[in-house]
Amino acid sequence: MKKSTMKKFSLAAVVLGLTVGGAGVLINQANASTGAADTQTGQNNNQKTSSITLSQTDAINKFNEKFGSVSIEEIKLEAQNGKYIYEIEGFDSQNEYKAKIDASSGNIIKSKTEELDADDKKEALDIGNLIDRDQAMQIAQQSAQDQPVKWTLEKDNGKAIWEIEFENGNKETEVEVDASSQKVLKSETDDHDKNMKHDKDDDHNRDEKHDKDDHDRDDQHDHDDDD
């Protein structure tokens, strides 16, 4: 009888060991896949940003060649359909102007002119007295070491601000730099992995509470039957 019991214990230990070992392999494979995905994302972003050959000054010149010397209201650079595009908005006393410019070829992809709404309050950027995209990025990288993916220059409450977004896998960081004083105004990081883990922990805690409530109700039911 003892030998039979020992065999059962040994078999159970082997099964448990295989189960735990298999789970460990699956976890390692999942972590490796996540790391590979993050690496691939970083490589893709690097490839995209390396295609930016048109400087901010040249992009503005392209805009002015199209519309004349108008006031610049906003400059944005971000990836669209796999390539980086400048979006520049400007205005004069009569019209507002928008253009999308390929950051690699310098070609104007799309342009638009609309009559200026009398109720619109436009604020012009004093480009000559503001730091450019490259300078703003160098300052922002003191707060974020990840890959920059989006740049926006516009006025907020009368202050010209560079907003730069960085990515690293599921982590996103947004840095705001004063385009005049060159000071970092804000740095915020959103880690989607941590948010997902937090949500899973909340779900797990809710499931545990639900199971405990069911168990308590079963115990109470058994107690009532005994009475």
Side-chain angles (χ1 to χ4, degrees), residues 34-35 37-64 70-80 82-91 96 98-104 106 120-199:
T34 301
D38 289 348
T39 301
Q40 184 63 41
T41 299
Q43 290 175 347
N44 289 339
N45 285 335
N46 280 324
Q47 290 172 356
K48 288 179 182 178
T49 53
S50 64
S51 68
I52 302 173
T53 57
L54 189 71
S55 69
Q56 175 184 310
T57 299
D58 289 337
I60 293 173
N61 289 338
K62 292 280 186 181
F63 183 84
N64 288 335
V70 300
S71 298
I72 304 296
E73 181 184 21
E74 178 179 319
I75 301 172
K76 183 186 296 183
L77 177 62
E78 64 177 337
Q80 298 180 15
K83 59 183 179 181
Y84 270 92
I85 303 295
Y86 279 100
E87 289 190 32
I88 302 179
E89 298 183 15
F91 64 94
E96 57 183 343
K98 298 179 182 179
K100 290 187 176 183
I101 305 170
D102 191 311
S104 177
D120 285 347
K121 293 183 178 180
K122 300 290 186 180
E123 292 187 273
L125 293 166
D126 187 5
I127 299 295
N129 292 316
L130 302 175
I131 58 174
D132 63 16
R133 181 182 67 89
D134 291 333
Q135 293 170 309
M137 183 170 60
Q138 290 176 5
I139 295 170
Q141 285 177 326
Q142 297 174 11
S143 301
Q145 302 300 317
D146 302 324
Q147 179 67 31
V149 294
K150 183 179 178 180
W151 302 258
T152 305
L153 173 63
E154 62 183 342
K155 276 196 171 182
D156 184 9
N157 295 323
K159 183 181 293 186
I161 295 174
W162 273 107
E163 182 182 287
I164 303 175
E165 295 182 16
F166 296 81
E167 287 184 1
N168 183 2
N170 288 322
K171 186 178 73 172
E172 296 179 357
T173 302
E174 181 182 295
V175 181
E176 290 186 359
V177 178
D178 189 314
S180 296
S181 68
Q182 306 183 28
K183 293 181 179 179
V184 174
L185 303 176
K186 183 178 74 172
S187 179
E188 292 182 351
T189 298
D190 186 6
D191 193 333
H192 296 295
D193 284 337
K194 289 183 179 179
N195 292 339
M196 291 175 64
K197 181 180 184 301
H198 180 71
D199 292 340

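It should be emphasised that the depicted structure is a prediction, and the values quoted were computed from it without experimental measurement.
- At distances below 3.5 Å, not a single donor-acceptor pair connects side-chain atoms of Asp120 with backbone N or O atoms of Lys122.
- If you take CG on Asn61 and OG on Ser55, they are separated by 7.5 Å, rounding to the nearest 0.5 Å.
- Going from atom CD of Glu154 over to atom OG1 of Thr152 covers 6.5 Å, rounded to the nearest 0.5 Å.
- The minimum heavy-atom distance linking Trp162 with Ala179 is given by the pair CD1-CB, 3.8 Å.
- Ile85 pairs with exactly one of Glu78, Lys100, Lys76 by the side-chain contact (heavy atoms from CB on, under 4.5 Å) rule, that one being Lys100.
- Residues Ile139 and Val184 meet the side-chain proximity criterion, which asks for heavy atoms closer than 4.5 Å.
- A donor-acceptor pair is defined here as one N or O able to donate and one able to accept, closer than 3.5 Å; such a pair exists between the side chain of Gln135 and the backbone of Asp132.
- Ion pairing between Lys98 and Glu87 fails under the 4.0 Å rule for side-chain N and carboxylate O.
- Checking side-chain atoms of Tyr84 against main-chain N and O of Val149 turns up a donor-acceptor pair under 3.5 Å.
- One finds the CD atom of Gln142 at 12.5 Å from the CE atom of Met137 (value rounded to the nearest 0.5 Å).
- Contact record, Leu54 with Tyr86: O-OH, 2.7 Å, taken as the closest heavy-atom pair.
- The shortest non-hydrogen separation linking Ala140 to Ile164 is CB-CD1, 3.8 Å.
- The CZ atom of Arg133 lies 5.0 Å from the CG atom of Leu77; values are rounded to the nearest 0.5 Å.
- Between Glu167 and Glu165, every side-chain heavy-atom pair lies at or beyond the 4.5 Å cut-off.
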Please assess Ser187 against Thr173 for the test side chain to side chain contact (heavy atoms under 4.5 Å, CB included), listing each intermediate value before the final yes or no.
CA-CA 7 Å; Ser187 179; Thr173 302; 4.0 Å; yes
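- Within the 4.5 Å cutoff, side-chain heavy atoms of Gln56 are placed close to those of Ile60.
- The two residues Ser104 and Ser51 have their closest heavy-atom pair at CB-O, 3.4 Å.
- Nearest heavy-atom pair across Ala59 and Ile88 is O-CD1, 3.6 Å.
- In this structure, the side chains of Leu125 and Lys155 come closer than 4.5 Å at one or more pairs of heavy atoms.
- Side chain of Asp156 to backbone of Lys159: no donor-acceptor contact under 3.5 angstrom is found.
- Judged by distance alone, the side chain of Gln182 and the main-chain N or O of Asp178 form no donor-acceptor pair under 3.5 Å.
- Put simply, CD on Glu174 and CZ on Phe166 are 10.5 Å apart, with the number rounded to the nearest 0.5 Å.
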Give the C-alpha distance, both sets of side-chain angles, the deciding distance and a yes or no for side chain to side chain contact (heavy atoms under 4.5 Å, CB included) between Lys186 and Ile161.
CA-CA 11 Å; Lys186 183 178 74 172; Ile161 295 174; over 6 Å; no
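- When every heavy atom of Val175 is checked against every heavy atom of Ala144, the shortest pair comes out as CG2-CB, 4.1 Å.
- Atom CD1 of Ile72 sits about 5.5 Å away from atom CG of Asn64, to the nearest 0.5 Å.
- Looking at Ile75 and Ile127, their side chains come closer than 4.5 Å, going by heavy atoms from C-beta outward.
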